[in-house]
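Chain A is the first sequence line, chain B the second, and so forth, proteins listed ahead of strands; every chain is numbered from 1.
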Protein chains: 2
Amino acid sequence: MPKDGSMSESKQKILEAASELFLEGGVKAMSVRAIAAKAGVSTIGIYSHFKGKQGILDALFIEATEMVSAAMDAGNGAPTAKAGMMANAEAYLDLAEKHYAHYRLFFGESDPDYTPSEEAQELARAAFMKLREHAAKLHPADASSQDIQETALTFWALLHGFVGLTRHMGAPRAGVADWRALIMRAVEEKLNTYLN
Amino acid sequence: MPKDGSMSESKQKILEAASELFLEGGVKAMSVRAIAAKAGVSTIGIYSHFKGKQGILDALFIEATEMVSAAMDAGNGAPTAKAGMMANAEAYLDLAEKHYAHYRLFFGESDPDYTPSEEAQELARAAFMKLREHAAKLHPADASSQDIQETALTFWALLHGFVGLTRHMGAPRAGVADWRALIMRAVEEKLNTYLN
DNA sequence: CTGACATATATAACACTGTTATGTTTGTCA
DNA sequence: TGACAAACATAACAGTGTTATATATGTCAG
């Protein structure tokens with residue numbers, strides 16, 4: 001949520017309304033008329049303050065990016081590299097679960113017409129860099145940049161892939177008692193391959 | 001593509017037009033007016049033959065499902081279980097690359113308003129079952145159903161996660177020389193954990 | 001204080017979307 | 001041939017994001 005001091009009252013109201021609608025109903029629930037009505041302003045405010053719908057989506061994308069970034073900070077200060085990354089995984093899965101609309105927006109799965117701004121993209125890259133720093137701790141000090149990157153990408157792929165599958169109608173519903181346990185097992189197993 | 005004998009000329013023209021537009025520009029390029037114009041009919045045909053836009057998306061979803069299913073058949077007849085699943089992975093990645101719009105539709109990433117029909121969902125489940133049969137070959141004959149399912153899900157999660165990352169603006173562009181090689185290494189490494 | 005300019009705002013209109021309504025044409029069958 | 005169903009063309013509808021037009025408010029220099 002934005003701070004009061006850096007934003008006019010209208011702008012803030014608009015963004016709050018958009019965030020609430022998004023959280024409740026995803027991008028479908030967030031027409032400019034719905035946002036304006038909920039904020040108690042007319043639609044023109046969305047154009048003057050945010051340059052239109054894309055600007056609203058950018059603001060939400062940045063929120064999503066901050067959430068992902070915070071998840072990548074969850075492992076900070078952990079006693080071991082493995083414990084750090086396990087904490088990152090839990091935080092990431094929590095994020096996906098509690099803020100799925102934001103998660104989907106981050107992965108370009110929300111609105112076929114939305115392309116993140118350059119600023120937004122820069123923040124997404126910074127979030128990946130955080131993950132990469134954690135991954136580096138799994139490797140010896142002289143490990144190649146490529147190896148570290150590959151580790152970070154594989155970790156992320158595993159998490160992201162599972163998040164998608166938990167909601168896919170092709171994946172079995174009845175046979176998976178505990179998705180979280182399954183995912184954490186797979187992640188831990190993967191991390192163990194770096195410790196041997 | 002549908003067979004001539006089971007479909008009227010109009011219905012076929014409409015579906016061909018839709019497929020072409022979808023392939024070129026994804027769901028955004030596929031308004032009912034664009035489909036009708038390309039097919040040389042009026043929009044009403046989409047309602048009488050397909051019950052509307054959702055019916056078009058269902059037909060395309062079924063195409064996507066058939067593609068995924070075919071990818072899961074790629075490993076049939078391979079000399080080892082590992083070779084079979086490696087072939088499945090290559091076919092799956094080929095599918096995602098060559099038919100990305102179909103792939104996204106299959107994973108619910110195309111159109112926030114689209115929900116697959118029950119028939120379409122059933123086909124998606126059948127595709128997963130094929131993958132599961134390949135995964136079973138990695139395990140001893142007395143392996144539990146749960147273990148086999150977990151293996152299939154992890155394999156799929158890894159592939160799906162990587163497909164998503166290759167297109168994510170947060171993932172490094174310049175640092176990954178060869179995504180395919182990276183993914184296949186990660187998949188092979190995962191498969192190797194079942195062979196020890 | 002006033003005028004020029006920028007920003008914010010309300011409302012209407014526009015162009016596009018998927019869908020429904022209305023009427024006509026064509027095909028099937030007793 | 002008439003009744004009915006399916007297919008079809010076109011117009012109208014209700015919703016979408018956006019732009020156009022006019023008005024109100026805020027800022028700043030002279």
Proximity to the side chain of Val41(A) - top-ranked nucleotide from dC8(D), dA10(C), dG17(D): dA10(C)
Can you tell me the distance, in whole Å, between the CG atom of Asp111(B) and the P atom of dT16(D)? 15 Å
In whole angstroms, how far is the C1' atom of dG17(D) from the OH atom of Tyr114(A)? 16 Å
For the residue pair His160(B) and His160(A), categorise the inter-ring angle as parallel (less than 30°), tilted (30 to 60°) or perpendicular (more than 60°). parallel
Salt-bridge criterion met for Glu118(B) and Arg125(B) (N-O under 4.0 Å): yes
Rounded off to whole Å, could you give me the CG-to-C1' distance for the Asp113(B) and dT17(C) pair? 11 Å
Do Phe106(B) and Ile62(B) belong to the same hydrophobic cluster, where Ile, Leu, Val, Met, Phe, Trp and Tyr are linked whenever their side-chain heavy atoms lie under 4.5 Å apart, directly or via other members? no
Between Ile44(A) and Ile14(B), just flag the one whose closest nucleotide in DNA chain D comes earlier from the 5' side. Ile14(B)
Rounded to the nearest angstrom, tell me the gap between atom CD in Gln54(B) and atom C1' in dT19(C). 12 Å
Whether His168(B) and Trp156(A) hold their rings parallel, tilted or perpendicular, with breakpoints at 30° and 60°: perpendicular
Separation of atom CD in Glu9(B) from atom P in dA7(D), rounded to whole Å: 14 Å
Per Lys53(A) side chain, nearest of listed nucleotides dG17(D), dT10(D), dT11(C): dG17(D)
Side-chain H-bond candidate by donor/acceptor type, Arg180(B) with Thr166(B), under 3.5 Å: no
Hey, can you pull the residues of residues 27-40 of chain B with a non-hydrogen atom under 4.0 angstrom from DNA chain C? Met30(B), Ser31(B), Val32(B), Arg33(B)
Which one, dT9(C), dG17(D), dC8(D), comes nearest to the side chain of Ser10(A)? dT9(C)
Lys38(A)/Glu16(A) ion pair, N-O < 4.0 Å: no
Taking 4.0 angstrom as the limit, do Glu109(B) and Arg104(A) come out as a salt bridge? no
In whole angstroms, the gap separating C1' of dT9(C) from NZ of Lys13(A) amounts to 13 Å
Let's see if you can work this out: which of dT20(C), dA10(C), dT18(D) has an atom nearest to the side-chain heavy atoms of Tyr47(A)? dT18(D)
Under 4.0 Å from OP1 or OP2 of dT9(C): is there any side-chain N or O of His49(A) that close? yes
Phe50(B) has an atom CZ; how far is it from atom P of dT19(C), in whole Å? 14 Å
Short side-chain N/O contact to dA10(C) OP1/OP2 from Thr43(A), under 4.0 Å: no
Rounding to an integer number of Å, can you tell me how far Ile46(B) CD1 sits from dC8(D) P? 12 Å
